[in-house]
Visitor: 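My questions will all concern the structure given below.
What you see below is based on every heavy atom in this structure, not just the backbone, and it leaves out hydrogens, waters and symmetry mates.
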Amino acid sequence: MISPFILQLLLAHLIGDFVLHPDTWVQHKLQHKIRSKYLYYHIGVHLIALLVLLGFQNLWAVPIIIISHFLIDLGKLYTTNEKNYRWLFVVDQLLHIGVIIFVVYLNEAFTIDFLGILNPKTLLLISFIAFVTFVSAIIMRMLLAPYIQEVQKDDEEEGGSLKDAGRYIGMLERLFVFGFILINQWAAIGLLIAAKSVFRFGDLNKGKNRKLTEYVLIGTLLSFGLAIISGVMYQYLLQFL
């Protein structure tokens, strides 16, 4: 059973770090760092959110979270640059969540059964997710290799595309298809195909590039086919666990 205490702390964090954290505050903090008034406004929002959601109970947890949040944010402000800001965002959030988990542990000790989490069903699911995303991308690249260079040349002449965009789009669409199969929503796969066709139709029609059209169709069918086969195979193998 999930503890109400951790839900209160998590909601306070989401409100303080995302809901009531305007971009103007973020930019001002990055520019002025410890001298930014918005850094203290930000901490104040967290303080109020914690007090309200905790109902002014378990107040011992408030200074731990507030002080650690201030120090973590301050460290982030002084180390952020154009190259590492995305990774620092992830590290920043992981540290905040880590503090919340630590506080919850102090309030009510718990144990995590890692061996129980990594049971055969979980390992099978992780294996298929890895196949649907990364392995399938490599398989598709190998199968489409004879056409990639020719299509890329024509595409560059018409403006090109974002770096690695096609790869990430393929990963996401296969994950969606895999997930739809797991929840037995086959109709949603048809909607996904239709949505992709609508978005792609304008580019293909405008370019009037038959090679690119054929390449996109082959790639789409391969991508959806691998995802569907993976979903069916996962459900089949799940019966033996």
Side-chain angles (χ1 to χ4, degrees), residues 1-118 122 125-126 129-130 133-134 137 161-165 167-169 171-173 175-176 179:
M1 182 177 178
I2 299 177
S3 165
F5 186 49
I6 192 172
L7 294 178
Q8 293 166 336
L9 298 181
L10 283 174
L11 181 56
H13 174 72
L14 293 176
I15 291 173
D17 250 20
F18 298 98
V19 179
L20 300 179
H21 195 196
D23 289 339
T24 52
W25 291 18
V26 176
Q27 296 304 320
H28 194 275
K29 288 192 299 177
L30 286 171
Q31 184 177 357
H32 298 281
K33 298 179 173 55
I34 197 171
R35 294 182 290 106
S36 173
K37 61 181 179 180
Y38 293 116
L39 173 61
Y40 304 98
Y41 289 178
H42 176 60
I43 296 300
V45 169
H46 272 281
L47 176 60
I48 295 172
L50 279 170
L51 292 175
V52 171
L53 289 170
L54 288 174
F56 292 88
Q57 298 178 353
N58 292 314
L59 295 180
W60 60 269
V62 175
I64 298 175
I65 293 177
I66 292 298
I67 294 173
S68 65
H69 198 102
F70 177 79
L71 294 175
I72 292 169
D73 278 12
L74 199 61
K76 179 188 174 185
L77 291 175
Y78 279 97
T79 54
T80 297
N81 56 51
E82 293 182 357
K83 295 182 178 179
N84 67 9
Y85 73 95
R86 286 179 294 183
W87 289 108
L88 279 181
F89 171 79
V90 175
V91 172
D92 172 75
Q93 292 301 315
L94 288 176
L95 288 174
H96 291 319
I97 298 301
V99 171
I100 290 174
I101 293 174
F102 173 70
V103 169
V104 173
Y105 179 80
L106 291 178
N107 186 60
E108 42 194 65
F110 58 87
T111 57
I112 300 176
D113 184 8
F114 290 101
L115 294 178
I117 294 174
L118 296 177
T122 304
L125 178 61
I126 294 172
I129 290 175
T133 52
F134 296 97
S161 61
L162 295 174
K163 182 181 178 182
D164 293 330
R167 179 179 175 222
Y168 294 125
I169 291 172
M171 287 183 176
L172 288 171
E173 73 182 20
L175 278 175
F176 274 115

Visitor: Could you grab the distance from atom CG of Asp92 to atom OG1 of Thr80, nearest 0.5 Å is fine?
Guide: 8.0 Å
Visitor: Donor-acceptor pairs are to be reported for all side-chain atoms of residues 64-74 against protein atoms at under 3.5 Å, with residues two or more places apart or in another chain.
Guide:
residue : atom : partner : partner atom : Å
Ser68   : OG   : Ile64   : O            : 2.8
Ser68   : OG   : Ile65   : O            : 3.0
His69   : ND1  : His96   : ND1          : 3.4
His69   : NE2  : Asp17   : OD1          : 3.2
His69   : NE2  : His42   : NE2          : 3.3
His69   : NE2  : His46   : NE2          : 3.3
His69   : NE2  : Asp73   : OD2          : 3.3
Asp73   : OD1  : His96   : NE2          : 3.1
Asp73   : OD2  : His42   : NE2          : 3.2

Visitor: More than 12 heavy atoms of other residues, nucleotides or ligands under 6.0 Å from CZ of Phe5: yes or no?
Guide: yes
Visitor: Roughly how far, to the nearest 0.5 Å, is the CG atom of Leu10 from the CD1 atom of Ile15?
Guide: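 Reported to 0.5 Å precision, the distance equals 11.0 Å.
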Visitor: Check for a donor-acceptor pair, side chain of Thr79 on one end and backbone N or O of Gly75 on the other, with a separation under 3.5 Å.
Guide: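 At least one qualifying donor-acceptor pair exists.
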Visitor: Do Leu95 and Val91 have side-chain heavy atoms sitting under 4.5 Å apart?
Guide: yes
Visitor: Please check if the side chain of Asn84 supplies one atom and the backbone of Trp87 the other of a donor-acceptor pair under 3.5 Å.
Guide: no
Visitor: Answer yes or no: is there a side-chain heavy-atom contact under 4.5 Å between Lys37 and Lys29?
Guide: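 Not in contact.
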Visitor: Looking at every heavy atom in both Ile34 and Leu39, which two are closest together, and how far apart are they?
Guide: CA-CD2, 4.0 Å
Visitor: Can you establish whether the number of heavy atoms outside Asp23 located under 6.0 Å from its atom CG is more than 12?
Guide: no
Visitor: Pairs of donor and acceptor atoms involving the side chains of residues 52-63, under 3.5 Å and at least two apart or interchain, shall be tabulated with distances.
Guide:
none

Visitor: Surrounding OH of Tyr40 (heavy atoms of other residues, nucleotides or ligands, distance under 6.0 Å), is the total greater than 12?
Guide: yes
Visitor: Does either side chain, that of Gln31 or that of Ser36, offer a donor lying less than 3.5 Å from an acceptor on the other one?
Guide: no
Visitor: Working to the nearest 0.5 angstrom, can you tell me the gap between Arg167 CZ and Thr133 OG1?
Guide: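 Spacing of CZ (Arg167) from OG1 (Thr133) equals 9.0 Å.
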Visitor: Less than 4.5 Å apart, side chain to side chain, heavy atoms only: is that true for Ile6 and Ser3?
Guide: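 When only atoms from C-beta onward are counted, Ser3 and Ile6 do touch, with a gap below 4.5 Å.
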Visitor: Could you give the distance from CG (Leu47) to CD1 (Ile43), rounded to the nearest 0.5 Å?
Guide: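 Nearest 0.5 Å value for the CG-CD1 distance: 9.0 Å.
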Visitor: Would you call Met171 and Phe134 a side-chain contact if the rule is heavy atoms closer than 4.5 Å?
Guide: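 Yes, close enough: below the 4.5 Å cut-off.
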Visitor: Do you know the tightest heavy-atom contact between Gly16 and Val45?
Guide: CA-CG1, 4.0 Å
Visitor: Where do Tyr105 and Phe110 come nearest, in terms of heavy atoms and distance?
Guide: CE1-O, 3.3 Å
Visitor: Under the ring-ring contact (aromatic ring centres under 6.0 Å, His included) rule, collect the residues that match up with Tyr41, sequence neighbours excluded.
Guide: Trp25, Tyr38
